Amino acid sequence: MTIQRTLAIVKPDAVAKGVAGEIITRIERASFTILAAKLVHMSLAEARGFYIVHRERPFYDSLCAFMTQGPCMPMVLEGESAIQRWRDLMGATDPAKAASGTIRKDFATSIEANAVHGSDSPESASFEIPYFFSSFELCPR
Ligand code: CMP
């Protein structure tokens, strides 16, 4: 048993489409505990800081601009093997390769506008959760 926390983001494309609620329903049905959630409209500097690990990638500027197009909804999810289980629920980064029944298969439109984000490791979660939430904003139970 490994109880983990992960950072999930409903990205601006999914918030704009009005599917944040459906995504939260899938999260709840999968028995994650939502410890925190809020709407945030990131500045370019905030998006660049969040995705700093990708700064050398050719898609970095475009990805950061996309993440500032409108509000996104970061959340902290907790549960057994939460990091991998949330990645499984999201599906492959490229929606064209995502399995049926996954969030990206159903709601993403491209590899960039791919509806959701999830931490890829415990180290990433340790950086990403406090990027958006202070300890006072988490509601453990
Ligand atoms: P995410 O899980 O938020 O982590 C980094 C993001 O970069 C990823 O989802 C995609 O939205 C984006 N990304 C990854 N690869 C590419 C790519 N080849 N072209 C454009 N965006 C990409």
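Counting starts at 1 for both ligands and their atoms, in listed order. Here the structure is a predicted model, which means the values were calculated and not measured. Position 1 is the first residue of the sequence, and the numbers go up from there.
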Side chains of Val116 and Trp86, heavy atoms from C-beta outward: is any pair under 4.5 Å? yes
Measure from the side-chain N and O atoms of Ser110 to the backbone N and O of Glu112, and report whether any donor-acceptor pair falls under 3.5 Å. yes
Are any non-hydrogen side-chain atoms of Asn114 and Thr93 less than 4.5 angstrom apart? yes
Taking atom 1 (P) of ligand 1 as the reference point, the nearest protein heavy atom with its distance: His117 ND1, 3.3 Å
Residue portion contacting ligand 1 (non-hydrogen atoms closer than 4.0 Å) for Asn114: side chain
Around atom 5 (C) of ligand 1, find the nearest protein heavy atom and jot down its residue, atom name and distance. His54 NE2, 3.4 Å
Give the residue and atom name of whichever protein heavy atom lies nearest to atom 10 (C) of ligand 1, and the separation in Å to one decimal. Ile111 O, 3.1 Å
Can you confirm, on distance only, whether ligand 1 has an N/O atom lying under 3.5 Å from any N/O atom belonging to Leu63? no
Heavy-atom distances under 4.0 Å are what count here, so tell me which part of Arg57 touches ligand 1: side chain, backbone, both or neither. neither
Heteroatom distance test (Lys11, ligand 1): nitrogen or oxygen, under 3.5 angstrom: yes
Numbering the atoms of ligand 1 from 1, which are under 4.0 Å from a heavy atom of Tyr51? 1 (P), 3 (O), 4 (O), 5 (C)
Looking at non-hydrogen atoms alone, which of Phe59, Phe66, Tyr60, Phe50 comes nearest to atom 15 (N) of ligand 1? Phe59
Any carboxylate oxygen within less than 4.0 angstrom of a Lys/Arg side-chain nitrogen, looking at Asp94 and Arg104? no
Counting only heavy atoms, which portion of Arg104 has something under 4.0 Å from ligand 1: side chain, backbone, both, or neither? side chain
Heavy-atom nearest pair, Ser119 first then Ala125, reads OG-CA, 3.5 Å
Identify each donor-acceptor pair in which a side-chain atom of residues 25-41 lies under 3.5 Å from a protein atom, sequence neighbours left out, and give them as a table.
from  : atom 1 : to     : atom 2 : distance (Å)
Thr25 : OG1    : Gly21  : O      : 3.0
Arg26 : NH1    : Gly101 : O      : 3.4
Arg26 : NH1    : Asp106 : OD2    : 3.0
Arg26 : NH2    : Asp106 : OD2    : 2.8
Lys38 : NZ     : Phe132 : O      : 2.5
Lys38 : NZ     : Glu137 : OE2    : 3.3
His41 : NE2    : Thr68  : O      : 2.8

Main chain of Thr2, side chain of Glu80: is a donor-acceptor contact present, judged purely on distance under 3.5 Å? yes
